[in-house]
Amino acid sequence: MAILPVPGELTAPYWEHARRHELALQHCRSCDRLWHPPLPRCPHCHSATLDWHRVSGRGTVYSATVVEHPTHAALADRVPYVVALVELAEGPRVVANIRGCEPDEVHIGQPVRVTFEDVTDEITLPQFTVER
């Protein structure tokens with residue numbers, strides 16, 4: 001059993017980009033700002049003139065926690081794992097897992113970059129790895 005996101009009308013473009021191994025965020029054409037998660041209007045100027053912009057996928061760990069106990073049976077084989085708030089180079093913050101290192105190696109301010117986990121033919125999860 002896997003826990004997978006269910007793309008909706010608002011989030012489908014995010015997941016389409018992820019499937020192509022691209023990290024993209026909503027962008028306001030009125031005030032030129034980016035944000036995440038997707039919203040029906042710009043959280044800064046409330047414009048509905050929105051599109052999607054690919055971002056670099058580079059950022060730093062803003063905050064992180066190590067999950068020691070699975071919150072669902074489908075995650076039992078993944079503990080311990082790191083859930084982090086990553087501040088992207090472009091400014092917005094995203095919540096994602098940090099993969100490819102021991103949980104105690106992750107620290108605030110650490111540079112990370114996006115990587116992608118192809119879970120099914122339809123769903124690819126953006127994850128982050130530590131820049132070395």
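Values below: every heavy atom of this structure, side chains too, minus hydrogens, waters and symmetry copies.
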Approximate separation, where rounding is to 0.5 Å, of [X] [atom1] and [Y] [atom2]:
X	Y	atom1	atom2	answer
Leu125	Thr115	CG	OG1	11.0 Å
Ile3	His72	CD1	NE2	4.5 Å
Ile108	Leu85	CD1	CG	10.0 Å

Practice task
Output all residues satisfying salt bridge (Lys or Arg N to Asp or Glu O under 4.0 Å) with Arg19, sequence neighbours left out; order by chain, then residue number.
Solution key: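 In terms of salt bridge (Lys or Arg N to Asp or Glu O under 4.0 Å), with neighbours along the sequence ignored, Arg19 is linked to no residue.
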Problem - Of all pairs that satisfy ring pair (Phe, Tyr, Trp, His ring centres under 6.0 Å), the ones with a partner from residues 74-94, not counting sequence neighbours - result: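 Ring pair (Phe, Tyr, Trp, His ring centres under 6.0 Å) check on residues 74-94 returns no pairs.
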Handout entry: Shared hydrophobic cluster for Tyr14 and Leu10 (ILVMFWY, side-chain gaps under 4.5 Å)
Key =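 Hydrophobic grouping puts Tyr14 apart from Leu10.
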Practice task
Treating Ile, Leu, Val, Met, Phe, Trp and Tyr as nodes and any side-chain heavy-atom pair under 4.5 angstrom as an edge, say whether Val114 and Val95 lie in one connected cluster.
Solution key: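 Different clusters.
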Minimum heavy-atom separation for [X] and [Y], please, with both atom names.
X	Y	result
Cys31	Cys28	N-SG, 3.4 Å
Cys101	Arg132	CB-NH2, 3.3 Å
Val82	Ala64	CG1-CB, 4.0 Å

4.5 Å side-chain heavy-atom contact, [X] and [Y]:
X	Y	value
Trp15	Pro126	yes
Phe128	Leu23	yes
Ile123	Pro5	yes
Ile98	Val86	yes
Asn97	Val83	yes

Under the side-chain hydrogen bond (donor to acceptor under 3.5 Å, both in side chains) rule, collect the residues that match up with [X], sequence neighbours excluded.
X	value
Asp51	His27
Ser56	Glu90
Thr49	Ser47

Determine all donor-acceptor pairs shorter than 3.5 Å in which one atom belongs to a side chain in residues 34-46; sequence neighbours excluded.
{"residue": "Trp35", "atom": "NE1", "partner": "Gln26", "partner atom": "OE1", "Å": "2.9"}
{"residue": "Arg41", "atom": "NH1", "partner": "His46", "partner atom": "O", "Å": "2.9"}
{"residue": "His44", "atom": "ND1", "partner": "Arg33", "partner atom": "NH2", "Å": "3.2"}

Practice task
Would you list the pairs meeting salt bridge (charged side-chain N to carboxylate O under 4.0 Å, His left out) in which at least one residue belongs to residues 8-17, sequence neighbours left out?
Solution key: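 Matches after skipping sequence neighbours: none remain.
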Exercise for the section: Could you list all the salt bridge (charged side-chain N to carboxylate O under 4.0 Å, His left out) pairs where at least one residue sits in residues 112-126, not counting sequence neighbours? Expected result: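 As it turns out, the salt bridge (charged side-chain N to carboxylate O under 4.0 Å, His left out) pairs with a partner in residues 112-126, which skip direct neighbours, are Arg78-Glu117, Arg99-Glu117, Arg113-Glu131.
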Problem - Partners meeting ring pair (Phe, Tyr, Trp, His ring centres under 6.0 Å) with Phe116 (sequence neighbours left out) - result: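 His21.
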Exercise for the section: Tell me, please, which residues at least two apart from His17 pass ring pair (Phe, Tyr, Trp, His ring centres under 6.0 Å). Expected result: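 For His17 there are no ring pair (Phe, Tyr, Trp, His ring centres under 6.0 Å) partners, ignoring immediate neighbours.
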Problem - Set of side-chain contact (heavy atoms from CB on, under 4.5 Å) partners for Gln110, sequence neighbours left out - result: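 Applying side-chain contact (heavy atoms from CB on, under 4.5 Å) to Gln110 gives Val61, Val106, His107, Val130.
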Exercise for the section: Check step by step if side chain to side chain contact (heavy atoms under 4.5 Å, CB included) holds for Val119 and Leu4. Expected result: CA-CA 8 Å; Val119 182; Leu4 298 175; 3.3 Å; yes
